[in-house]
> 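Please find one structure pasted underneath; my questions will follow.
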2 protein chains.
Amino acid sequence: MLRDYNLGEVNEKLVGKKIRLCGWVDVIREHGKVIFLNLRDRYGKIQSVIVKSNDDFDKAKRLTRESCVLVEGEVNKRPKGTENKDMESGKVELFINKLDVLSECKPLPFEINEDIENEDLRLKYRFLDLRSSRMQKNLILRSDTLRAVRDFFHDEKFVEVETPILAKSTPEGARDYIVPSRNFKGKFYALPQSPQLFKQLSQVAGLDRYVQIARCFRDEDLRSDRQPEFTQVDVEMSFIEQDDIIEVIEKMLAYVFKKALNVEIKTPFKRISYDEAMKEYGNDAPDLRKDKTNKNEFAFCWVVDFPLFEYSKEDKRHKSVHHPFTMPKVGKNKLDFNDKSKSVAYDVVLNGVEIGGGSVRIHDSEIQEKIFDILKISKREARDKFGFLLDALSFGAPPHGGIALGFDRLIQIMAGEDSIREVIAYPKNKEARDVMLDAPSEVDGKQLKEVGVGVEKKKGGKKK
Amino acid sequence: MLRDYNLGEVNEKLVGKKIRLCGWVDVIREHGKVIFLNLRDRYGKIQSVIVKSNDDFDKAKRLTRESCVLVEGEVNKRPKGTENKDMESGKVELFINKLDVLSECKPLPFEINEDIENEDLRLKYRFLDLRSSRMQKNLILRSDTLRAVRDFFHDEKFVEVETPILAKSTPEGARDYIVPSRNFKGKFYALPQSPQLFKQLSQVAGLDRYVQIARCFRDEDLRSDRQPEFTQVDVEMSFIEQDDIIEVIEKMLAYVFKKALNVEIKTPFKRISYDEAMKEYGNDAPDLRKDKTNKNEFAFCWVVDFPLFEYSKEDKRHKSVHHPFTMPKVGKNKLDFNDKSKSVAYDVVLNGVEIGGGSVRIHDSEIQEKIFDILKISKREARDKFGFLLDALSFGAPPHGGIALGFDRLIQIMAGEDSIREVIAYPKNKEARDVMLDAPSEVDGKQLKEVGVGVEKKKGGKKK
C-alpha cells in the first residue's frame, strides 16, 4: 500500500507517529510561509501543513485542487484554539516532510460538492461528480443495502440464481431491447424486462426460494423516474399463499432499514384494498405519511385485491392487469371467477410510491384455460405466445408466487433524493444517452455486416 | 404456507405429530394394499405411505412420478428392520391421511438423476434437469459462494458498484454484442466485455475499493468452456501495488473455500514468473497438483511478470499483451522500459486453469505516452480510441490496479465439473443458443422498424 492509513483512521492516537497518507486536495490555503492542504478520501478529511523550508514547498504551491497526493510526515496535535470541531480529525494535523504529487488535476468543469444545475455536465464528468460527499454517501448506502438485502434472503435459505441477460423477445409488455445474433443471422436475443420467466421456471425446478438482484431492461419512452436499465430485487417462492410473501418482504424491509439506515420499521404494514385506496385516496399508491414532505418518515402499506382484468376499448376485449398467469381470487370452487374478479396480486407502497408488486401465479391448467378464454386468447395463440411456460407448468409445477421490488427507487427514497439518477453510479440521461461514454454511438460497418443487419436510411433528414 | 416443514426438517423429533408436507414424487412403489410414495424437495427426501382404506388411495394409484403433491398425516417411526440408513429421514415415514395432487407431471423426456448424453435435451427441459441432486448441489454451491465472496469484500470495506450493461462498443478485444437504439436511430449500445472502464473510473471517483460480481459479454466463436455471457468477480483498488491485490485475493479465496466447501487453502500461493512457467511447464497456467486427476485437490499459484508487448507479424507492430493501460515494470526512472519489458500483470491459476487476471494500471501520462509510441498509436488515434479514459486520468487519478476472476470457471472447479454449463442455471448451448427459450429468434418487423435496422438478405441460401 502507498498509504499507512485512510483518512478516516487518523486521530489523536497517532500523535507523534510518522505516517504516509493519500488523498485528494480538497482545499489549499496559502499563508505566506505555510501552506495548509486539506486532503479528502471517502473515509474522511485531514489537514496537512507544509512549511517554506521544506524542499517540496514549491510543489505544494503549484498544486491544483482535486489533484491526488501522497504526504509523509508526523501527526501533530493542533495548537490550542485551532481545532476544527467539524472534522473528525479536527484535533490533529499532519506536518509534511515529503509531498508526492501522484497525479495532477487539470481545471475542473465544476466545483465538487456544489449544486450544479446542468445535469448532463455532471453526468459527462461523472467520475468527478461521484467525488462529492452526497454521491459517495448515496453509493455507499446503496452498497450497504445490497448487502443487507442479500444477507437477509441467504439467511432465510433463499437460493441466489443468476439468470440470462441474453434472453428472448416477449410479445407483450414494454418494448424489448434486441441484440442481433452473429451465429444465427436474422435472429435476435432480447434483454429481459424482468427474470419473470426464469424465476417461475426455477420454481418448477424445485428451487423453492429464489432470489436475485437482477438487471432489467425496458425500452420505454423516458420519464424522469425511469431508466432504460434498472435493478430489481426479485423473489419467488413455492408452496406459499399471499400472506407468506407479504410476511417475508416486511421482515426483509425491516431488516434492511435497520441495517442500512438504523431506522426501525413497524410491521405488519397496513393493508388497503385496491377499491378502498381508489375511493379513499384517489390512487392505488397512497402516501400515508403524517407529513407528506418529510423525507425521514417512512410509511409503508400494501395495496391488495387488484382487479384481474381491465377492459380495453381499443382492442374490444379484456386484458390482464398484471399478466395472464396471475391467480384469480376464487370462491369455493377453483373456477368460481369471472371478468369482474379480483386477483391475488399485491403492491408494496412507500411514501406514495409503488416500490414493488407481485402475485400468486396460476399453476393449474383449468384455471389458466379459463383465463385465456376470458382474454379471448385461442389455444393456438396461447401456445405461440406462452408455449414454453405452459409446457413447464405441465411437469409438476408447485404452487408459487413472488414479487419484484424496484431497487433504484427504494434507495432513492432511503437516501431522500428526488431522482433515481442520484443513486445510480453511471445512469443514462433523460434521453437514454450515456453522456460520459457517448453511448449509443455509431458502430463500424464490419460489425454490422458480421451480425447481418443494416441501418435503415433515414427519410428526409431528422428522426421524428 | 401449504407445508409445515420442508423435507429436510422431518425426523424422529416429529414422531406422533400431524403435519403437512409438500414435494415431488421421487419414487412410487405399489405393494397391493399399500403404496409407498418417496417425496423429494431440495432439502431432503421422505417416505410416505398410504393404505387402501384411505379415500385418496386411488389418487395415489394414478400418480405419475415428478408430480407435485401435498400430503397430510402423522409422522411414524418405521417398523424395526425397515429403516433406511441412506436417507436422513430414514427412521421415520409419514402415514398419509390426505393426499392432494398439486400438479401432475406428464411423461418425462428423461429420467431425473440419470446421466443423459444429449445435452441439448437436458437444456431444453432445464427446469427438469435442475431437479437432479447434482444440479441442485451445484446451484446451491454457486449461491453460497456468491454470498461468501460478497461478504468478504464488504467486510474489507469494498463498495459494491453496479455498472451499466447498456454501454459502448470498444474498438479492440473480442467482438461486442450490439443493441440498436430506438431514440437514436443508426446508433448502438454495446454490452460490456467487462466493466474495466467503469471500475477504473470508480477509482478516479475516489471509491478506492470497488467490487462487483458482474455479467460480461463476448461474442466469440464458442469453445466448450466459453459462454456468450459469463460472470466475473471484478475488483479494483487505489493506492496499491501488485502485492496488495495478490494478498487480498488470496485471503478472499481462502475465506470462500472455507465457507463454501469447508476446505483449508494454504496461503501465500506460489509465485512463478511467466518465463519460468513457460520454461518449466511449457505453458502459462501450470497445474501444480500432485495428482493431476484429483478433483478434490486445489493447487493455486500466481503467474507474474508477463511480457508487456507481443509482436504482431500480421500488423507489423507491437501489441499489448494485456491492454495498453497496463503498468510496465520500470527501472529506477519511470520511463526505464522498452518493447522487451515485463508488465505489472498477474494471473491466478487453479489446477492448471487461469481463473483470474489483472494488472496495475498506468495513471501517469508520460508513461502512457511512451506506451502509445511503442504501440505506434498516434495522439489522434489514442484520443479517438481511448479519449474518454485519458480524459479521466487527467483529473487527479490515483495509482490503481485490479483483477477479474472468472466466477463460472471457479465454481466449475470447486464443484468438480467438466463444463461451466453444469454450474450455470440457464446456459446457452455450444452454438450460443438457448434451446429452452429458443433464443435467438426472429422478431417482428415492427420491432425492427422502431429501432431502424433491417435484416440483410442472405445471398444464396444458408449462412456460411
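Each chain gets a letter, A, B and so on, in the order its sequence line appears, and its residues count up from 1.
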> For B/Ala205 and A/Leu130, work out which heavy atoms get closest and say how close.
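For B/Ala205 versus A/Leu130, the nearest heavy atoms are CB-CB, 3.6 Å.
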> A/Val179 versus chain B, heavy atoms under 4.5 Å apart: side chain, backbone, both or neither?
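The answer is both parts of A/Val179.
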> Can you name the side chain to side chain contact (heavy atoms under 4.5 Å, CB included) partners of A/Arg3, sequence neighbours left out?
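Scan of A/Arg3 (side chain to side chain contact (heavy atoms under 4.5 Å, CB included), adjacent residues dropped) gives A/Met1, A/Asn6, A/Cys22, A/Asp41, A/Tyr43, B/Asp208, B/Phe239.
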> With a 4.5 angstrom heavy-atom cut-off, could you sort out which part of A/Phe407 is near chain B: side chain, backbone, both or neither?
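It is the side chain, since no backbone atom gets that close.
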> Using 0.5 Å steps for rounding, measure from the CG atom of B/Asp176 to the CD atom of A/Glu450.
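Answer rounded to 0.5 Å: 10.5 Å.
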> Sort A/Gln212 into side chain, backbone, both or neither according to what part of it lies under 4.5 angstrom from a heavy atom of chain B.
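It is the side chain, since no backbone atom gets that close.
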> Drop me the distance from A/Ser441's OG to B/Tyr189's OH, to the nearest 0.5 angstrom.
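The OH atom of B/Tyr189 is 10.5 Å from OG of A/Ser441, to the nearest 0.5 Å.
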> Determine whether a donor-acceptor pair (N or O, by modelled atom type, separation under 3.5 Å) exists between the side chain of B/Arg142 and the backbone of A/Val159.
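The answer is no, because no donor-acceptor pair under 3.5 Å joins these two groups.
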> Test of understanding: with side chain to side chain contact (heavy atoms under 4.5 Å, CB included), list the residues that count as partners of A/Ser133, not counting sequence neighbours.
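For A/Ser133 the side chain to side chain contact (heavy atoms under 4.5 Å, CB included) partners, ignoring immediate neighbours, are A/Asn113.
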> Could you state the interatomic distance from CZ (B/Arg42) to CG (A/Leu207), rounded to the nearest 0.5 Å?
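One finds 6.5 Å between CZ of B/Arg42 and CG of A/Leu207.
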> Under 3.5 Å, is there a donor-acceptor pair between the side chain of B/Glu229 and the main chain of A/Ile165?
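Yes, the answer is positive, given that a donor and an acceptor are paired below the 3.5 Å cut-off.
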> Just verifying a value: how many Å separate A/Asp151 CG and B/Asp151 CG, rounded to the nearest 0.5 Å?
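A/Asp151 atom CG to B/Asp151 atom CG measures 5.0 Å (nearest 0.5 Å).
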> Between B/His363 and A/Leu102, is there a donor-acceptor pair closer than 3.5 Å when you use the side chain of the first and the backbone of the second?
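Looks like yes, one N/O pair under 3.5 Å.
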> So for A/Asp221, is it side chain, backbone, both, or neither that comes closer than 4.5 Å to the heavy atoms of chain B?
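Looking at A/Asp221, backbone and side chain both touch chain B.
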> Please classify the contact of A/Gln136 with chain B as side chain, backbone, both or neither, using a heavy-atom distance under 4.5 Å.
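Contact with chain B involves the side chain of A/Gln136 alone.
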> Where does B/Ala167 contact chain A at under 4.5 Å (heavy atoms): side chain, backbone, both or neither?
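Both the backbone and the side chain of B/Ala167 come within 4.5 Å of chain A.
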> At a heavy-atom separation under 4.5 Å, does B/Leu191 approach chain A through its side chain, its backbone, both, or neither?
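Contact with chain A involves the side chain of B/Leu191 alone.
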> So does A/Gly396 get a backbone contact from the side chain of B/Trp24, meaning a donor-acceptor N/O pair under 3.5 Å?
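Indeed, once roles are kept as given, a pair shorter than 3.5 Å links the two residues.
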> Which bit of A/Glu247 is near chain B, if near means a heavy-atom gap under 4.5 Å: side chain, backbone, both or neither?
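Nothing of A/Glu247, per the 4.5 Å heavy-atom cut-off to chain B.
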> Which answer fits A/Phe388, side chain, backbone, both or neither, if we ask what part of it has an atom under 4.5 Å from a heavy atom of chain B?
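For A/Phe388, the side chain is the part near chain B, not the backbone.
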> Could you look at A/Val161 and say if it's the side chain, the backbone, both or neither that has a heavy atom under 4.5 Å from chain B?
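For A/Val161, the contact with chain B is made by the side chain alone.
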> For the CE atom of B/Met436 and the CG atom of A/Leu201, what is their distance to the nearest 0.5 Å?
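One finds 5.0 Å between CE of B/Met436 and CG of A/Leu201.
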> Looking at every heavy atom in both A/Gln447 and B/Ile178, which two are closest together, and how far apart are they?
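The pair with the smallest heavy-atom distance is NE2-CG2, 4.0 Å.
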> What part of A/Pro107 lies closer than 4.5 angstrom to a heavy atom of chain B: side chain, backbone, both or neither?
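Only the backbone of A/Pro107 comes within 4.5 Å of chain B.
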> Would you mind reporting whether A/Val455 and B/Lys185 have side-chain heavy atoms less than 4.5 Å apart?
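Not touching, per the 4.5 Å side-chain cut-off.
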> Start with the C-alpha gap between A/Phe395 and B/Lys106, add the side-chain angles, then the distance that decides, and say whether side chain to side chain contact (heavy atoms under 4.5 Å, CB included) holds.
CA-CA 6 Å; A/Phe395 284 101; B/Lys106 64 184 185 188; 3.5 Å; yes
> How long is the straight-line distance from CZ of A/Arg433 back to CG of B/Leu166, given to the nearest 0.5 Å?
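CZ of A/Arg433 is found 14.5 Å from CG of B/Leu166.
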> If you compare all heavy atoms of A/Pro440 against all heavy atoms of B/Lys187, which two are closest, and at what distance to 0.1 Å?
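In terms of heavy atoms, the two residues are closest at O-CD, 3.7 Å.
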> Where does A/Leu393 contact chain B at under 4.5 Å (heavy atoms): side chain, backbone, both or neither?
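A/Leu393 touches chain B through backbone heavy atoms alone.
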> Taking all non-hydrogen atoms of both residues, which atom of B/Cys68 and which atom of A/Ala397 are closest, and how far apart?
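Of all heavy-atom pairs spanning B/Cys68 and A/Ala397, the closest is CB-O, 4.1 Å.
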> Give, as side chain, backbone, both or neither, the part of A/Arg131 having an atom under 4.5 angstrom from any heavy atom of chain B.
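Looking at A/Arg131, backbone and side chain both touch chain B.
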